[in-house]
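Below you'll find the structure, written out as structure tokens, and then a few comments.
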Amino acid sequence: MKNRDLNHQNMPDPVMDKYDGMEMKIAALQREVEQLKQQNNQQQEEGKML
């Protein structure tokens with residue numbers, strides 16, 4: 001039997017990959033919420049001017 005170096009520290013981490021994906025999605029949703037808030041505020045201001 002050969003001695004194998006498995007380099008466990010270099011193995012893919014599906015949990016971390018999922019976590020990273022969730023962080024990216026959360027950041028995108030936060031940006032979208034901020035954009036929608038700004039649009040809503042602009043529409044409210046325009047409504048007050050009429």
Side-chain angles (χ1 to χ4, degrees):
M1 180 177 221
K2 291 185 178 181
N3 185 10
R4 295 183 183 187
D5 184 11
L6 298 178
N7 293 322
H8 290 285
Q9 71 275 10
N10 295 328
M11 293 181 69
D13 185 350
V15 174
M16 186 56 92
D17 293 343
K18 190 68 159 178
Y19 178 80
D20 289 341
M22 289 170 58
E23 276 190 323
M24 290 173 35
K25 183 66 174 175
I26 289 168
L29 290 169
Q30 287 173 325
R31 285 190 301 272
E32 185 176 349
V33 166
E34 286 304 315
Q35 289 173 346
L36 291 170
K37 282 181 180 179
Q38 289 176 359
Q39 289 174 1
N40 187 44
N41 289 340
Q42 288 173 352
Q43 289 174 350
Q44 287 180 351
E45 288 299 318
E46 289 172 2
K48 289 179 184 176
M49 291 180 190
L50 295 177

Next item on the list: Output the distance between atom CD (E45) and atom CG (N41), rounded to the nearest 0.5 Å.
Entry: 7.5 Å
Next item on the list: Please check if atom CD in E32 has more than 12 non-hydrogen atoms from other residues, nucleotides or ligands closer than 6.0 Å.
Entry: no
Margin query: So, taking the atom named NZ in K37 and the one named CG in N40, what distance separates them when rounded to the nearest 0.5 Å?
Written below: 10.5 Å
Notebook entry, point to check: Are K18 and V15 side-chain neighbours, meaning at least one heavy-atom pair lies under 4.5 Å?
Noted result: no
